[in-house]
Asks: 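Supplied in structure tokens, the structure appears directly below.
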Number of protein chains: 2
Amino acid sequence: MNKKVPEGVISRLFIYLREISELTKMNIHTISSAELGERTNLSDAQVRKDLGYFGQFGVSGAGYNTDELKAALEKILGKDSTWNVAVVGAGHLGSALLAYPGLKERGLNIVAAFDVDARKIGKQVKDIVVQSIDELSRAIPAKKISIGIIAVPAKEAQGVADKLIKAGVECILNFAPATLIVPDNVKVKDVDLSRELETLSYFLVKREEMKK
Amino acid sequence: MNKKVPEGVISRLFIYLREISELTKMNIHTISSAELGERTNLSDAQVRKDLGYFGQFGVSGAGYNTDELKAALEKILGKDSTWNVAVVGAGHLGSALLAYPGLKERGLNIVAAFDVDARKIGKQVKDIVVQSIDELSRAIPAKKISIGIIAVPAKEAQGVADKLIKAGVECILNFAPATLIVPDNVKVKDVDLSRELETLSYFLVKREEMKK
DNA sequence: CAGACTTTGTGCCACTTTTCACAAAGAATA
DNA sequence: TATTCTTTGTGAAAAGTGGCACAAAGTCTG
Ligand SMILES: NC(=O)c1ccc[n+]([C@@H]2O[C@H](COP(=O)([O-])OP(=O)(O)OC[C@H]3O[C@@H](n4cnc5c(N)ncnc54)[C@H](O)[C@@H]3O)[C@@H](O)[C@H]2O)c1
Ligand SMILES: NC(=O)c1ccc[n+]([C@@H]2O[C@H](COP(=O)([O-])OP(=O)(O)OC[C@H]3O[C@@H](n4cnc5c(N)ncnc54)[C@H](O)[C@@H]3O)[C@@H](O)[C@H]2O)c1
């Protein structure tokens with residue numbers, strides 16, 4: 001075993017877990033790969049293959065027991081542990097994240113927020129008080145924060161990333177439309193909302209061209 | 001020519017365009033694929049191959065002229081046209097999007113916002129007044145909206161998608177953690193922030209395991 | 001309990017995407 | 001202008017990913 005697991009597989013396992021959780025709530029205790037695939041817009045083969053990376057969870061002729069599969073997925077995905085998260089930039093997007101309860105539910109606790117703007121510092125969202133960026137280097141290790149979220153303007157993003165990494169953060173979720181240069185041992189994930197929309201719009205451009 | 005262009009290529013072209021635009025602003029008029037790759041965390045070969053889908057833009061021994069490449073990319077990506085966008089759900093995330101100037105700059109004009117909550121309806125963000133969801137079916141065609149953004153709770157998402165599609169929207173950007181079932185001619189892009197973070201956290205889980 | 005039926009798990013194949021590597025094109029130099 | 005150096009553009013190889021298809025395993029029915 002121990003073949004490399006593609007990142008796409010992990011991402012889909014979270015989708016399966018989300019769906020399976022719904023099912024257990026609805027008192028449905030068994031599901032086939034075909035059904036699970038239908039509910040997630042994926043093929044039955046894909047569902048089975050993804051699960052196959054981690055073992056055998058199904059019963060031939062019957063499908064998967066949702067309670068068992070839920071437990072197995074939670075174990076695989078490390079849902080028994082929680083992680084501390086910091087948000088840098090308490091503007092529109094940063095504030096939306098601070099206010100969002102969905103992260104805590106999934107074991108991702110936002111425990112600090114930082115900003116440079118004096119008007120933002122001291123502001124409270126839920127149980128988090130926005131701190132000065134100058135406190136970042138002390139607060140990150142003190143609060144055992146391993147994930148940083150960058151929600152500052154693009155031209156500030158690299159500087160913030162450097163600060164986060166220096167303070168010991170291991171993963172970064174970057175909302176700024178900028179390419180971050182980071183050491184190999186730091187994992188960055190970009191979420192570029194404009195680009196997502198632009199890519200959609202390209203689809204429309206192509207469709208228009210087709211019409212002609 | 002006319003081989004199929006992978007979607008990943010398109011997404012990267014937007015990254016190149018962003019970078020090249022910076023360069024032209026900085027009065028840098030030439031760049032090699034190696035340098036552009038370095039600035040975007042991509043390989044030189046990838047840069048050249050991606051551009052190669054659309055023609056020849058470089059000069060052997062010299063690299064690319066940034067002004068020409070910028071113009072070429074804008075043409076390829078349809079940056080001369082603009083698209084009208086609607087946001088459904090004027091909560092935390094929806095409001096952040098309404099307030100964000102970066103979309104208009106890229107030819108994506110948010111021209112309408114909808115909500116069910118009476119307290120949100122009538123609220124103004126920039127030049128957009130939040131309308132009742134009941135007005136959606138009239139407003140979408142009237143304002144020639146082709147892209148819809150879903151920023152409502154997960155269990156409302158499918159219903160909102162159905163409304164948007166019925167009203168004539170061709171693309172959907174979905175922020176709700178839910179799988180949308182839509183006809184083939186509608187393009188959906190999911191942005192699941194929780195899942196992005198969870199995938200990062202899995203990386204930490206794995207790293208912890210390694211240590212042992 | 002035998003036979004029909006269902007569904008898993010997985011080897012294999014097809015397809016997509018990335019990387020390699022190098023000839024050809026042009027720039028720079030003297 | 002000849003020579004050297006740089007960098008492109010692109011086939012061909014490699015790597016990665018998803019789908020097919022079917023034996024094997026288990027369920028269900030009469
Ligand atoms: N709001 C959106 O819908 C949206 C959409 C797409 C992309 N983005 C991107 O997300 C990022 C944040 O967007 P936003 O709308 O929240 O912007 P915003 O201007 O509302 O907030 C940015 C915040 O970052 C703070 N800041 C600036 N420099 C800082 C620094 N060096 N250290 C700490 N804090 C700093 C500012 O004081 C401000 O509070 C931007 O890069 C933007 O391009 C936002
Ligand atoms: N805020 C975040 O940082 C964040 C992070 C990850 C995911 N999300 C997801 O994005 C979505 C929106 O999040 P949010 O934080 O903005 O939530 P929110 O509760 O602040 O806003 C949701 C809005 O949708 C409106 N709404 C509800 N049902 C509606 C309907 N049928 N039609 C029109 N409007 C309707 C509500 O009135 C509310 O204004 C959710 O699905 C959430 O899971 C948000």
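Order of the sequence lines sets the chain letters (A, B, ...), proteins ahead of strands, with each chain counted from 1.
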Asks: Please confirm whether any donor atom in the side chain of A:K49 sits under 3.5 Å from an acceptor in the base of C:dG9, or the reverse.
Replies: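 Flag unset: no donor-acceptor pair detected.
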Asks: Looking only at non-hydrogen atoms, find the nearest pair between B:K4 and B:Y53 and report the distance.
Replies: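 Of all heavy-atom pairs spanning B:K4 and B:Y53, the closest is O-CE2, 3.9 Å.
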Asks: Take the protein atom OH of A:Y53 and the nucleotide atom P of D:dT17, then report the distance between them rounded to whole Å.
Replies: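 Taking OH of A:Y53 and P of D:dT17, I get 7 Å after rounding.
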Asks: Using the salt bridge (charged side-chain N to carboxylate O under 4.0 Å, His left out) definition, which of the options A:R12, A:R18, A:K79 pairs with B:E198?
Replies: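 So the option named by the test is A:K79.
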Asks: Starting from P on D:dT8, measure out to CG on B:L51 and report it in whole angstrom.
Replies: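 Atom-to-atom, B:L51 to D:dT8, this comes out as 10 Å.
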Asks: Where the side chain of B:S60 is concerned, which of D:dT17, D:dT8, C:dT8 is the nearest nucleotide?
Replies: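 For the B:S60 side chain, the nearest candidate turns out to be D:dT8.
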Asks: In whole Å, I'd like the distance from the CG atom of B:D44 to the C1' atom of C:dT18.
Replies: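 From B:D44 CG to C:dT18 C1': 12 Å.
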Asks: By nearest atom, which of the nucleotides C:dT19, C:dT7, D:dT7 is closest to the B:Q46 side chain?
Replies: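 Closest nucleotide to the B:Q46 side chain: C:dT19.
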Asks: In whole angstrom, give the distance that lies between atom CG of B:L42 and atom P of C:dC20.
Replies: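 Computing the B:L42:CG to C:dC20:P distance gives 14 Å.
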Asks: Closer than 4.0 Å, any side-chain N/O of A:S32 to the OP1 or OP2 of C:dT7?
Replies: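 No, A:S32 has no side-chain N/O under 4.0 Å of OP1/OP2 on C:dT7.
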Asks: Specify the separation, in whole Å, of atom CG of B:N65 and atom P of D:dT8.
Replies: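 These atoms are roughly 13 Å apart.
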Asks: Is the backbone of A:T179 close enough, under 3.5 Å, to the side chain of A:D190 for a donor and an acceptor to pair up by distance?
Replies: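 Checked: no pair found.
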Asks: What are the two closest non-hydrogen atoms of A:V191 and B:L193, and how far apart are they?
Replies: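 Minimum heavy-atom contact is CG1-CD2, 3.9 Å.
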Asks: Figure out the CD1/C1' separation between A:I31 and C:dT7, and round it to whole Å.
Replies: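 Answer to the nearest Å: 13 Å.
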Asks: Kindly point out which of C:dT8, D:dT27, C:dC22 is positioned nearest to the side chain of A:Y64?
Replies: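 The answer is C:dT8.
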Asks: Starting from the 5' end of DNA chain D, give me the residue, A:G61 or A:D50, whose nearest nucleotide shows up first.
Replies: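 Its nearest nucleotide lies further toward 5', so the answer is A:D50.
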Asks: Can you see if the side chain of A:R48 gets near the phosphate of C:dG9 - specifically, an N or O under 4.0 Å from OP1 or OP2?
Replies: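 Checking C:dG9 against A:R48, no side-chain N or O comes under 4.0 Å of OP1 or OP2.
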Asks: Do the side chains of A:D44 and A:R48 get close enough for a salt bridge, i.e. N-O under 4.0 angstrom?
Replies: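 Looking at A:R48 together with A:D44, the answer is yes, because their closest N to O distance falls below 4.0 Å.
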Asks: Think A:R12 has a side-chain N or O under 4.0 angstrom from the OP1 or OP2 of D:dT17?
Replies: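 So the side-chain polar atoms of A:R12 never come under 4.0 Å of the phosphate oxygens OP1 or OP2 of D:dT17.
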Asks: Please determine, for the side chain of A:Q56, which listed nucleotide (C:dG9, C:dT17, D:dT8) has the closest atom?
Replies: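 That would be C:dG9.
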Asks: Please state how far atom NZ in B:K4 lies from atom C1' in C:dC15, giving the value in whole angstrom units.
Replies: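 Taking atom C1' of C:dC15 as the reference, NZ of B:K4 is at 10 Å.
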Asks: 5'-most contact on DNA chain D: A:S43 or A:V59, nearest heavy atom basis?
Replies: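 Closest to the 5' end, via its nearest nucleotide, is A:S43.
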Asks: What is the distance, rounded to the nearest whole Å, between atom CZ of B:F54 and atom P of D:dG9?
Replies: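 Nearest whole value for this atom pair: 14 Å.
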